[in-house]
Amino acid sequence: MSRRWSVARTVVAVLGVVLVTAGSLTIGATPKAEAVGSVHAPIVGSGSTWSANALQQWIRNVWSNYQWKITYSESGSTQGRNDFLMGTADFGVSEIPYQIANSNEADVRPPRKFAYMPIVAGGTALMYNLEIGGRRVTNLRLSGDTIAKIFTGVITRWDDAQIKADNPALSLPAIPIVPVVRSDGSGATAQVSIWLRQQHTALWDAYCPAVGRPFVNGHCGVTSNYPVVPGSGFVAKSGSNGVAGYVAQPHAGGSITFVEYSYALNAGYPVAKVLNNAGYYTEPTAQNVAVGLLSAHINEDTSSPDYLTQDLSDVYTSGDPRTYPLSSYSYIILPTALESDFTENKGLTLADFGAYFLCEGQQQAETLGYSPLPINLVEAGQTQIKKIPGGNPAIKGITDCNNPTFSPDGSNRLANEAPNPPDCDRQGPTQCATGTGGAKDTPTGAGAATTNADANGTAAGAAAGGATAASGDADTIDAAAAPVLVNATPQVIPVGAVGALPAVAMLAAGAALLAFATVPPLLGKRRRKSLLPAPTRGSPR
């Protein structure tokens, strides 16, 4: 029994020594206090619904892979800018900058320091719900002038002669057009109003008095809040999901809205092909948007408060036949100082998130209904995220950024490889029958087209296939229908220190084990020694 106890005490003593040693080393390696900017703190953002489908997918990605907690409120661009200004959001997202030109709406720059950084590109699409003879129309075409007249109340019925001229192969129904616009402050609305002011000035100027809006610098102003004439038949809904969800309802026949292309894809609904300056009707695919944005002018003045914002004037008028005219970028508004409760730890999260979506995140852009950023905006964006206090992003070079727009020579691969539109998309007497947007696999059905059949894929030729109608559904826009998560590796995440508490626990446990192994034998030895008779003088010791 004594021998077994001796062996057991030896084992316990060894284990105690190991724990004490490990605890001592850990305490030596553990900083006495947590360094700021070393923990990925939760952050909150607010703003654009136009960009929301991309942002929410990226947020799910980084939470799944790294447990970075990011909450984004799809409140609209105007609210996003206001939330950032008031300090209730760590970052904002908007399609337009603060204090945009030619607007009569109060929109002051925030007192806190900030910078703009592009997030993702895309096309503002014309999503619609239209049937002819019980058959779904999926190949509608509209010129810019037609769109402007629809959204200023000049064209009010689908059988209008101007819409017929855009669609020579369709027998358009004599039903009212129901324009659906945003009821909240929207970056998409602002972009559309900029386009109306620049490209369709007379129509937009005539609309202003009807809705009681004053002119700005001689013309109807840019607005984030779409004005509506009471009793005009317009419908106003909040958010991109609101306008897209309305159009996607079965009872919303004849409706049309402007919304980011992604929402039409998610809803399974078609979008109108828009006539460009080269005389072709195009839809906002990733490639057509990439081509269009080759003509964008970016503010490259690093001293300007509007650095990296866009001027789309030449996008609207691009002569490339592949161009989608209503192409644009969206921006994140980044804090560049420790203000409004923004901390270094929040900065670490935001900077790493930015590094992620500028590279790996862009791989999902096309699947999500957007167009990935070109190389010049990614490189500029990588410079912007370095301004975030507390951030320490691992900036990837062009060769390992994994952005699908990049070519070794620095050109835009997506735009370079974009195909020319087919002849049936040229303005004229023929019309492609192929579906668009979320209904790309559904050609316009029999009964929707006229009888001028064409063997080259025009509407009447495809109508012989007799595609059945596919009515909408109020629940078609569903977060569960988002693309499958893509695992990515934006940068190396530092391993967190064990901390002082576990180290102290190891020391305590080791000391207890050593005491258990050594104290009883020592006490026993002293006790046995005390029982021996005391030595007498002169006796041998």
Side-chain angles (χ1 to χ4, degrees), residues 123-181 192 195-196 199-200 202-204 206-207 229 232-235 243 246-247 252-259 264 269-277 279-284 316 324-326 421 424-437 439 442-452 454 458-460 462-463 469 472:
T124 299
L126 283 301
M127 175 181 163
Y128 65 93
N129 183 341
L130 185 63
E131 293 183 354
I132 302 175
R135 303 288 182 171
R136 189 180 189 187
V137 177
T138 61
N139 65 332
L140 186 72
R141 310 192 311 191
L142 297 173
S143 69
D145 189 66
T146 304
I147 295 166
K149 287 178 177 176
I150 288 173
F151 285 96
T152 56
V154 176
I155 293 178
T156 60
R157 299 182 67 82
W158 282 106
D159 62 343
D160 188 274
Q162 190 161 325
I163 302 180
K164 287 182 176 180
D166 285 326
N167 299 276
L170 296 180
S171 299
L172 292 158
I175 62 172
I177 297 173
V178 181
V180 183
V181 298
V192 168
W195 172 74
L196 287 168
Q199 298 302 119
H200 304 282
L203 287 167
W204 191 233
Y207 191 61
V229 178
S232 62
F234 280 55
V235 171
V243 295
Y246 182 91
V247 171
S255 60
I256 184 170
T257 190
F258 53 83
V259 70
Y269 266 72
V271 299
K273 291 183 177 180
V274 177
L275 184 65
N276 62 31
N277 260 25
Y280 284 87
Y281 295 89
T282 61
E283 66 176 300
Y316 305 149
Y324 183 73
L326 294 175
C424 55
D425 274 334
R426 185 195 298 268
Q427 187 177 28
T430 62
Q431 183 171 357
C432 297
T434 51
T436 58
T442 306
T444 293
T450 60
T451 57
N452 61 330
D454 186 292
T458 58

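Atom set for the values below is all heavy atoms of this structure, side chains included, hydrogens, waters and symmetry mates excluded. Given the structure is predicted, the values throughout are model-derived calculations rather than measurements.
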Side-chain donor-acceptor pairs of residues 145-156 under 3.5 Å, sequence neighbours excluded:
residue : atom : partner : partner atom : Å
D145    : OD2  : K149    : NZ           : 3.2
D145    : OD2  : Q162    : NE2          : 2.7
T146    : OG1  : S143    : OG           : 2.8
T146    : OG1  : Q162    : NE2          : 3.1
T146    : OG1  : D166    : OD2          : 2.8
K149    : NZ   : Q162    : OE1          : 3.0
T152    : OG1  : A148    : O            : 2.7

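- Between the side chain of N167 and the backbone N or O of L140 there is no donor-acceptor pair closer than 3.5 Å.
- Within the 4.5 Å cutoff, no side-chain heavy atoms of L130 are placed close to those of P270.
- With contacts defined as side-chain heavy-atom distances shorter than 4.5 Å, the pair P421/K273 does not qualify.
- Residues A439 and T138 approach most closely at CB-CG2, 3.9 Å, considering heavy atoms.
- Smallest separation of non-hydrogen atoms from P179 and G233: CD-O, 4.1 Å.
- Between the side chain of N276 and the backbone N or O of Y324, no donor-acceptor pair lies under 3.5 Å.
- Remark: the backbone N or O of V137 is not paired with any side-chain donor or acceptor of T444 at under 3.5 angstrom.
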Open item on the list: What verdict does the side-chain contact (heavy atoms from CB on, under 4.5 Å) test give for T257 and Y246, after you've listed the backbone C-alpha separation in whole Å, the side-chain angles of each residue and the deciding distance to 0.1 Å?
Closed with: CA-CA 9 Å; T257 190; Y246 182 91; over 6 Å; no

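- Side chain of R157 to main chain of A174: a donor-acceptor pair is present (N/O by atom type, distance under 3.5 Å, no hydrogens or angles).
- Between P325 and T282 there is a side-chain heavy-atom pair separated by less than 4.5 Å.
- Side chain of Q431 to backbone of A169: a donor-acceptor contact under 3.5 angstrom is found.
- For W158 (side chain) and G254 (main-chain N/O), a donor-acceptor pair under 3.5 Å exists by modelled atom type.
- Of the candidates V192, L326, V243, V271, V192 is the only one forming a side-chain contact (heavy atoms from CB on, under 4.5 Å) with F258.
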Task: Test side-chain contact (heavy atoms from CB on, under 4.5 Å) applied to V229 and Y207, step by step - done: CA-CA 9 Å; V229 178; Y207 191 61; 4.1 Å; yes

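- No side-chain heavy atom of N139 sits under 4.5 Å from any side-chain heavy atom of T434.
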- [ ] In sequence, state the C-alpha distance, the side-chain angles, and the governing distance for L203 and L196, and then conclude on side-chain contact (heavy atoms from CB on, under 4.5 Å).
- [x] CA-CA 8 Å; L203 287 167; L196 287 168; over 6 Å; no

Task: Residues I256, V247; criterion side-chain contact (heavy atoms from CB on, under 4.5 Å); working and verdict - done: CA-CA 7 Å; I256 184 170; V247 171; over 6 Å; no

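- Within the 3.5 Å criterion, the main-chain N or O of Y269 finds no donor-acceptor partner in the side chain of Y128.
- Under the side-chain contact (heavy atoms from CB on, under 4.5 Å) criterion, A161 pairs with no residue, sequence neighbours left out.
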